[in-house]
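Taking it in order: structure first as structure tokens, then the write-up.
Model, not experiment: these values are computed from the prediction. FYI, the numbering just counts along the sequence from 1. These values consider heavy atoms only, across backbone and side chains, with no hydrogens, waters or symmetry-generated copies.
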Amino acid sequence: MMRPPAVPLLCLALLVATGCAPLEGRGIDLRPRSSIDTLVEEIRTLPGITAVAEADPGSVEAEIDGTTGVRDLTATAEALFALVNDYRYPHGTPEVEVSSGRFTADVPASPPGSAQPASSAAPALGALPFLHSLPEVAAGRLPGGTRVEIELEADTDIGAWTEAAAARTRPLELAVHRPRTAAEPADPTPEQLPREPDLPNAVEYLVDLDDPASRAALEDIHAALDQTPYLLTRAEVGPSSGTTDLTVQVPGWEDILPAYDHLGSALGAGGLPDRGSAEVVAAVVTDSGLEVKSPDDGLTELLAVADPIAEHGGTMTSANARQGSIGIRVGDVDALTAVVDYASSDAWPLSSATRLQIGSAPQSDSSHLTVAEWPAELPLLVSLWDAGWDTSTVGRHTTEDGTASVLDIGVSALDRQAPPTAPEQTEIVRLLRAHDWHGDGAITIRAAGQTMHFASTADGRASSASLGPDGRRPTGWTADLIDAWNATAG
């Protein structure tokens, strides 16, 4: 193994006197130097390694024999983590990937001075003999720690597969998925959404194999859904942790409440039958993308407007009876206007306090306003969308002291890469100035990968202008836009 270079006595005395943490805190890396060539040679000596080479500059690929003993594989994983993280390299921490048949392991990078032990952060190479024994595996990845990610071959019975994998406890968190089959309904939200946990176009499970109750929980879940028209699309199973999360897909909104009734009867309201204190939490989503996360009182009334919203060009995406809110996606200004007009008409059966969260794309933010608030703010949103800022939003929030309602305005466009030109900045200012509001409004402009915030009255100057999450002073086009805003102040 590599040895750190000898430290002169004076330097050693200084380190003892000052301590390492202050030096590292000042950006001084105290780890001994190494090189990619040395790293490759050190990896070559580790148990189970059959081949190793530098692939690209700063990147090393190795192969390991998955039939090596578990202890040796575990020791190799910890040694790899130490080799990558306990030394400093000329061009930064190297990327090390280890492959064994269909499985690939990544050696995670750990910041200098981190107290993260190799035993908890290194990839679970010791699990390779077990993983190679699993059938119908298309590919697998070990990203570090106890997590193992597996993609199954198409058409695999993932329910029976997970039950068999959980037959005995192992210190692993198994994330397994397979593509949806032709006989299964399509994914209603096939995009990879930033706030959506599930993989697109897949059925997936996250199973705690270290939990002795996991297999029984899986059996109960599968028995409950067998012979039903409901598709289990996602399951997080670790009963001893307190919660089992399920996502079930049903054909239409009329099936949501019957699905909840069935799950409550089959799995129990307080937990899995005779399986301890685990609570089953289920989200139900329809083929059209309407998702409900809890069957609270009043849900029936909210669901009743799904068809009228569709008739006016919108798609209901969520219903939350506890909060009195409905999520709606619309494709254009005409549908936006038609949905708001419907909600403001005598035909609307719900309260004017119902919150409508309306967005133009699944991956974009939504506008949040009550039915009563929407007519006043709709013209601003329409003007922004018509001008090409098609993911812009409006909303309101209450000040911390609860004394005032603040208008929130977000200006953005889907896939907008270039900063707004000077004429576009002028147009943004003109559109916002044409709208009236009371007190300070909270304005956010997003473009070219940058986000700027500022506050202003409808005819006032900008205040509290900041750029990015660290609150930097606006520069470049963001500063130009603030200047244009201030130049039009009354």
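- Open room surrounds NE2 on His438; 12 or fewer heavy atoms of other groups in view lie less than 6.0 Å from it.
- The aromatic ring centroids of Trp485 and Phe454 lie less than 6.0 Å from each other.
- Looking at heavy atoms from C-beta onward, Ile328 lies in side-chain contact with Val339 at the 4.5 angstrom threshold.
- More than 12 non-hydrogen atoms from other residues, nucleotides or ligands lie less than 6.0 angstrom from CD of Glu427.
- Minimum heavy-atom separation, Gly144 to Pro108: CA-CG, 3.8 Å.
- The salt bridge (Lys or Arg N to Asp or Glu O under 4.0 Å) analysis of residues 451-469, with sequence neighbours excluded, yields no pairs.
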Table please: side-chain donor-acceptor pairs of residues 349-357 below 3.5 Å, with sequence neighbours left out.
from: Ser351; atom 1: OG; to: Ala353; atom 2: N; distance (Å): 2.9
from: Thr354; atom 1: OG1; to: Ser351; atom 2: O; distance (Å): 2.8
from: Arg355; atom 1: NH2; to: His368; atom 2: O; distance (Å): 3.4

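- For residues 308-331, the side chain to side chain donor-acceptor pair (under 3.5 Å) pairs, not counting sequence neighbours, are Asp296-Arg322.
- With sequence neighbours left out, Asp106 forms a salt bridge (Lys or Arg N to Asp or Glu O under 4.0 Å) with Arg141.
- One side chain, Thr391 or Ser412, offers a donor N or O that lies under 3.5 Å from an acceptor on the other.
- Note that CD of Gln249 and CD of Glu184 are 9.0 Å apart. Values are rounded to the nearest 0.5 Å.
- Put simply, the side chain of Thr162 gets close to the backbone of Ile158: a donor and an acceptor are under 3.5 Å apart.
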Notebook entry, point to check: Could you walk me through whether Val284 and Glu291 pass the side chain to side chain contact (heavy atoms under 4.5 Å, CB included) check?
Noted result: CA-CA 6 Å; Val284 178; Glu291 184 176 33; over 6 Å; no

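- Looking at Thr451 and Ile445, their side chains never come closer than 4.5 Å, going by heavy atoms from C-beta outward.
- Residue Ala259 comes nearest to Val250 through the heavy atom pair CB-CG1, 3.9 Å, listed as atom of the first residue, atom of the second, then distance.
- Distance check: Asp208 CG to Thr146 OG1 gives 8.0 Å after rounding to the nearest 0.5 Å.
- Taking 4.5 Å as the limit, every side-chain heavy atom of Ile358 sits out of range of all side-chain heavy atoms of Ile326.
- Applying the salt bridge (Lys or Arg N to Asp or Glu O under 4.0 Å) test to residues at least two apart or on different chains, none of the pairs has a partner in residues 339-350.
- Ile36 contributes atom CD1, which lies 8.5 Å from atom OG of Ser59 (distance to the nearest 0.5 angstrom).
- Checked by atom type and distance alone, the side chain of Ser100 never pairs as donor or acceptor with a backbone atom of Phe103 at under 3.5 Å.
- At least one donor-acceptor pair under 3.5 Å links the side chain of Asn85 to the backbone N or O of Ser110.
- A donor-acceptor pair shorter than 3.5 Å can be found between the side chains of His453 and Thr444.
- Under the 4.5 Å side-chain criterion, counting only non-hydrogen atoms from C-beta, Thr228 is in contact with His262.
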N/O donor to acceptor pairs below 3.5 angstrom from side-chain atoms of residues 375-387, sequence neighbours left out:
from: Glu377; atom 1: OE1; to: His435; atom 2: NE2; distance (Å): 2.7
from: Glu377; atom 1: OE2; to: Arg396; atom 2: NH2; distance (Å): 3.2
from: Ser383; atom 1: OG; to: Pro379; atom 2: O; distance (Å): 3.4
from: Ser383; atom 1: OG; to: Leu380; atom 2: O; distance (Å): 2.7
from: Trp385; atom 1: NE1; to: Ser392; atom 2: O; distance (Å): 3.1

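- For the pair Ser214 (side chain) and Leu209 (backbone), a donor-acceptor distance under 3.5 Å is absent.
- Distance check, rounded to the nearest 0.5 Å: CG of Asn201 to CG of Asp187 gives 5.0 Å.
- For Asp287 (side chain) and Ala186 (main-chain N/O), no donor-acceptor pair under 3.5 Å exists by modelled atom type.
- A pairwise comparison of heavy atoms in Tyr205 and Gly159 identifies OH-CA, 3.9 Å as the closest pair.
- With Asp255 contributing its side chain and Gly252 its backbone, the two residues share a donor-acceptor pair below 3.5 Å.
- Scanning all heavy atoms of the two residues, the minimum distance from Tyr87 to Ala82 falls at CD1-O, 3.9 Å.
- The backbone N or O of Thr156 lies less than 3.5 Å from a partner atom in the side chain of Arg178, making a donor-acceptor pair.
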Next item on the list: Decide yes or no on side chain to side chain contact (heavy atoms under 4.5 Å, CB included) for Val394 and Leu369, but give the supporting numbers first.
Entry: CA-CA 8 Å; Val394 292; Leu369 292 168; 3.7 Å; yes

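- Checking Gln425 against Arg430 by side-chain atom types alone, no donor-acceptor pair falls below 3.5 Å.
- The closest side-chain heavy-atom distance from Leu206 to His177 is not below 4.5 Å.
- At least one donor-acceptor pair under 3.5 Å links the side chain of Arg88 to the backbone N or O of Arg31.
- We find that Glu204 and Arg180 are not joined by a salt bridge, their nearest charged nitrogen and carboxylate oxygen being 4.0 Å or further apart.
- Closest non-hydrogen pair, Pro179 versus Ala154, comes out as CD-CA, 4.4 Å.
- Under the 3.5 Å distance criterion, the side-chain polar atoms of Thr337 are matched with a main-chain donor or acceptor of Val333.
- Using a 4.5 Å heavy-atom threshold, the side chains of Asp408 and His397 count as touching.
- Closest of all the heavy-atom pairs between Pro420 and Glu424 is CA-OE1, 3.2 Å.
- With contacts defined as side-chain heavy-atom distances shorter than 4.5 Å, the pair Val406/Thr398 does not qualify.
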Next item on the list: Please test Leu263 against Val248 for side chain to side chain contact (heavy atoms under 4.5 Å, CB included), starting from the C-alpha separation and ending with a verdict.
Entry: CA-CA 10 Å; Leu263 291 170; Val248 176; 4.2 Å; yes

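- Between the OG1 atom of Thr300 and the CD atom of Glu254 there is a distance of 12.0 Å, given to the nearest 0.5 Å.
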Notebook entry, point to check: Hey, mind stepping through Thr247 and Val285 against side chain to side chain contact (heavy atoms under 4.5 Å, CB included) and telling me if it holds?
Noted result: CA-CA 7 Å; Thr247 301; Val285 61; 4.2 Å; yes

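- Atom CG of Leu467 sits about 4.5 Å away from atom CZ of Arg472, to the nearest 0.5 Å.
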